[in-house]
4 protein chains.
Amino acid sequence: MQIRTPACRTGRPRSAAADTAILAATREALVELGWSKLTLGDVATRAGVAKTTLYRRWAGKNELVVDAVAELFGELELPDRGSLAADIEGVVLQFAAILARPEAKSGLMAAVAESTRDDALRERIRASIVDPQKDLVLEGRARAQARGELPPQTDPAEAARTVDLIFDVVAGAVVHRTLVSAEPADEEWVRSFTRVLLLGLTASTGPSGDLPGEHV
Amino acid sequence: MQIRTPACRTGRPRSAAADTAILAATREALVELGWSKLTLGDVATRAGVAKTTLYRRWAGKNELVVDAVAELFGELELPDRGSLAADIEGVVLQFAAILARPEAKSGLMAAVAESTRDDALRERIRASIVDPQKDLVLEGRARAQARGELPPQTDPAEAARTVDLIFDVVAGAVVHRTLVSAEPADEEWVRSFTRVLLLGLTASTGPSGDLPGEHV
Amino acid sequence: MQIRTPACRTGRPRSAAADTAILAATREALVELGWSKLTLGDVATRAGVAKTTLYRRWAGKNELVVDAVAELFGELELPDRGSLAADIEGVVLQFAAILARPEAKSGLMAAVAESTRDDALRERIRASIVDPQKDLVLEGRARAQARGELPPQTDPAEAARTVDLIFDVVAGAVVHRTLVSAEPADEEWVRSFTRVLLLGLTASTGPSGDLPGEHV
Amino acid sequence: MQIRTPACRTGRPRSAAADTAILAATREALVELGWSKLTLGDVATRAGVAKTTLYRRWAGKNELVVDAVAELFGELELPDRGSLAADIEGVVLQFAAILARPEAKSGLMAAVAESTRDDALRERIRASIVDPQKDLVLEGRARAQARGELPPQTDPAEAARTVDLIFDVVAGAVVHRTLVSAEPADEEWVRSFTRVLLLGLTASTGPSGDLPGEHV
DNA sequence: GAATAAACGAGACGGTACGTCTAGTCTTGGA
DNA sequence: TCCAAGACTAGACGTACCGTCTCGTTTATTC
């Protein structure tokens, strides 16, 4: 999180409380004001901290918000719910619950929008938000294979492609449902979605069966 | 697009050329600068127009960018490619191609991010961008039913839910692939994605079959 | 007042009522808003006239305000009050009364300020405001000479200088009293002032007497 | 001059050089552009200072110009020239010389015009420009009394009234001569004016003599 | 137990963009 | 040809934040 590169040991150490206060203040400001009206000066004031302290640790609004939002997604877990379908439903619901919070909604999407022109920012998002989520997918698949619900992967490249696809579909669908359609990703929706996804995956990786309407 | 509500007929009429120039300048600025560094003053200059002319017609950056981006999505079409799978692949590829353009990328996502705190903006996005896309889904389904690839819908509420689900999955997946994973939604990916989606849908709406690992 | 130079007689004639309405609206706006916040658009609205009509007749704010204020000073008169002192007191009081009106106060001074960089404006002020006042001084002197209160002028250049001096002293003192000192130029003050002025003038034009403290 | 009221000692102190540069730039702009075309943005640029720095210290154009012009009038002095008449002539010439400078001309009059609707501004003008001048009048009178040219004042209220009258007459006449008549207040004019003023005053305060033409 | 060195709060600094306002011109349709 | 209405270009307004800087002060470590 911090910028300070060299191993510094002399001088007054940075206040750990400041970090916590700043990130909390950032989330508070996101809730009240949203991304576009959030200002670093205001965050500093809310955190009881000088603007310089803030700039000493984060390069700008984007980085700060990504870190503030990443803490929310750190709550994601994958308890064993007994079946692949239940595991997926569970984690999708968790993801949807986080995304329903106002501080995540506007903050995350705006950061993603900015990341289209800022590779460092995209990398930061990937490292602190996306990859941990993808790890859950991997963990879920491993568990399903252990249960015998899924066949063991043979081709690792193919396996990586499949994980990426699943991840884009899951995360994308929830995000789109929540932000664009502005409808809740509630239990019913998640069940329908999981059903389609799972059937599609098993049928796809299964007998390589005919697609309906594919005449050849 | 314009703000002027009442039917006014006196006074000098608004320049139609200005609208065109402003929207084109907005897209140009989006490409060069991205959302966050785009300024209305700069857009006005590029369009060869005074700032007041711009503010007379749009309430702010958000509205302007939505309109500018909406014109891009107006290009979407659904030519009959002979099968449901081909139709879906075709339209997803088109959607991905538009989303790959820099003016769409940062502009659209930022507008969506803002729309989480601005209902009017969300409505504008829905009306000018989302709903036309959803119409394509409806058209595609009607065509597939005519071909006999899909059974006719019986329950209209259920039908609407399905369309919404499809739409969130398709649009969400492409967006996530493009913006978050930052990988191209190319032909190969689209084929994999379409395969999963289509198999999932037909299996789901079909025999209401067993989900793998669903123990009850 | 109007700009139109050539003798035009074709087309729709200009509305005479518009002139009156515009000047009245200008004074009204001067009272309510003062010079600096007076805008030509607002004056046009008050007068129920289009901005173009206004610009067709006056070159700008300065010219308009000078004309509007000049009408106030047109009220100045010099009835014969029987003595030079009474005449002076009378006209000074009239002048002070006009200057006490808010539309005159801020409008006139601002126009004078502008005239320091605009010769045409100064000429306009001189012609429509200053010279008529100076004529009153001439008239008063002629009347006093007729009464025998003042000796007849012999040197016309000297006479002109004296009139100019008197005029600067009278007008300047009243203006300064009213605007800078912000005290009313009431009857008591006018009497004191007139006394000093008149004694000074008669002593000065008289025996060319010793100035007190002039040791040469 | 500054706005900041409480004695603050934390934070970066204000740059003293900025004040100097801003006031100098203001005078420069007054000379080149005059009051009405002077813009604070331009002054800031000339002073090599940000607009915010300017607004942090002055409330607006009026206040800034008053302070800039006040520095000019700070040059006024009253060296002992040996006689009351010489003292008056000297200080009037000085005053006229300042008023002849273009930065004083348009700036001062415009500020006075504005002050008719802004009491704080009038107070500022009085405190920083008018009162120091009035002090010169008091000093001159004290010196004349010491010389025996003037009788000692008995009634203090009457004395104050006289000083005010003198001041309005002197300042008003010079201003009117310079700005309205647009003639130089040169040595010859000043001598004539001083002669009239002084004769009037001595005659007035003296034997309370008959005004010419005052029949009773 | 200084001395050192960095972090801290406060707030001024040079900038940039904002969204509004006014100036003065131009373009309609109607009188 | 004038008029009312209102859109147009141009540019200043005063404000808000940005990210940097200079202060004086506070707190750990190191000598």
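Chain identifiers are assigned alphabetically (A, B, ...) following the order of the sequence lines, protein sequences preceding nucleic acid strands; residue numbering begins at 1 within each chain.
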- Taking 4.0 angstrom as the limit, do C:Arg46 and C:Asp42 come out as a salt bridge? yes

- Message: Rounded at 0.5 Å granularity, tell me how far CH2 in A:Trp35 sits from CE in A:Met109.
- Response: 11.5 Å

- Query: Any ion pair linking D:Glu63 and D:Arg124 (charged N to carboxylate O, less than 4.0 Å)?
  - Reply: no

- Atom CG of C:Leu54 and atom P of E:dT25: how far apart are they, to the nearest Å? 12 Å

- Among all residues two or more places apart in sequence or in another chain, which pass the side chain to side chain donor-acceptor pair (under 3.5 Å) test with B:Asn62? none

Contacts under 3.5 Å, N or O only, protein and nucleotides 22-24 of chain F:
none

- Please determine if C:Glu32 and C:Arg27 form a salt bridge, counting it only when a charged side-chain N lies under 4.0 Å from a carboxylate O. no

- Item | Side-chain donor/acceptor contact of D:Lys51 with base of E:dG15 under 3.5 Å | no

- Comparing C:Gly60 with D:Ala18, nearest DNA chain E nucleotide closer to 5' gives the residue D:Ala18

- Message: Using the side-chain heavy atoms of D:Arg57, tell me which of these nucleotides is nearest: E:dG9, E:dC13, F:dA5.
- Response: E:dC13

- Message: If you assign D:Val49 and B:Thr39 each to the DNA chain E nucleotide with the nearest heavy atom, which residue ends up on the more 5' nucleotide?
- Response: D:Val49

- Atom pair CD (D:Glu71) and CG (D:Leu23), whose distance is rounded to the nearest 0.5 Å: 4.5 Å

- Note on the structure: Out of E:dG14, E:dC8, F:dA7, minimum distance to the side chain of D:Thr53 belongs to E:dG14

